[in-house]
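All heavy atoms count here, side chains included; hydrogens, waters and symmetry mates do not. We count ligands from 1, going down the list as the structure has it; atoms in each ligand are counted the same way.
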Amino acid sequence: MELSELRQKPHLSASSIGTYVDCSLQYWFAYVKRLPMEFVSDALEFGSAIHLTLADFYRAKMTGDRLLLKDVHESYRQHWTNRVKDRSDIKYADQKDFQSYLIEGVDLLTAWFNKLADDHFNVIAVEEAFVFEIDGMPLPIVGAIDLVEEDDSGTIIITDHKTTGRAYSIDEIDQNPQITIYQMAAKANGFADREILLKFDCLVKTKTPKFEQYYTTRTETDELRLIRKIQTVWNGINSKVFIPNDTSWKCKTCPYKKACDEWFLQQGGEE
Ligand code: SF4
C-alpha cells in the first residue's frame, strides 16, 4: 500500500512521535488541530528534493542501471524546480533563494556521488511504505524506509538518507529512534529472520559539502526501550497532555509560532 493511503487512517509515525517528544504543543497544532503551517522551511523542501533524487538513483540501481552524475544533477534540478518554483509559502534563510539551492543541491550530490561506495548491494525496495502494530497501542506505526538492500550473505541493509547542516555524532547515530522504528518495521514485515544492519547516508551541507556514511545496529533492548517510550507518548496524547517546550532551539524555526504565541495568551483556554 502507498504511504499516502496508510496515512489516511489514524496512526503514529517516527516524525509525529519525535514532534511530540520535542514539543507536544507543536504536536497538538500539527496533528490534532491540523493547522496549516505558517510557512514551509527551505531546508525541509531542499531535503525532500534531495530525497527524491536519491530515490531515482536507487530505483535505477534496482533495475541494473547506474545513473551518471549528470543524470543525478538533472533529476535534482527537476525535483527542486517542481517542488518550489513560484511558491510563496517557502521561507528562505538569509542569503538563500531558489537559485542558490539549485547550485547547493548540485554540489552536495556531487560530493555524495564521488564518495559513494560501489557496494554491489542488491536493492530490494526504495521508499518502502510500512505499517506495524505495537502491543497495547490502539494505533499502528506508519512510515516509509528510504532504501532496503541485501548483501551477498543475505544481510539486510536499511538506509536512511539525511540532508543535514553538520556531521552526526556517534551518540546521535546510536540513539536515533527513527532508524530503530525502521528495524522494527522490517522485522514485522518479513525480515525477522535476517541479520539487519542500519545505515545513515548523510549529505552534509557544510561550506564544502560532504558525504558521511554511518553504520549502526539496534538490540532487542533498544527496541523495548523505544516501545516503552512510544506507549508513553500515546498515553500523553490520549490524555491530552500538550506542553509547550518554549526553550527549545526548535522555536526559532517553528511553523506554528503565531499559533503558539496566541495559545500562551489564552489563559484558562483550550487544553
Ligand atoms: S514555538 Fe516552540 S513552544 Fe511553541 S509550538 Fe513551536 S516549538 Fe513548541
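Between H161 and Y58, the ring center distance clears the sub-6.0 Å criterion.
Salt bridge annotation for R166-E212: absent, with no cationic side-chain nitrogen under 4.0 angstrom from a carboxylate oxygen.
Judged as a salt bridge (charged side-chain N to carboxylate O under 4.0 Å, His left out), and not counting sequence neighbours, E5 has no contacts.
In this structure, D65 contributes its side chain and K61 its backbone to no donor-acceptor pair below 3.5 Å.
Pairs engaging residues 126-148 under the salt bridge (charged side-chain N to carboxylate O under 4.0 Å, His left out) rule: none recorded [sequence neighbours left out].
Protein residues are said to neighbour a ligand when one of their heavy atoms lies under 4.0 Å from it; for ligand 1 these are C23, Q26, F29, P244, N245, D246, C251, C254, K257, C260.
W249 belongs to no hydrophobic cluster, as no Ile, Leu, Val, Met, Phe, Trp or Tyr side chain comes under 4.5 Å of its own.
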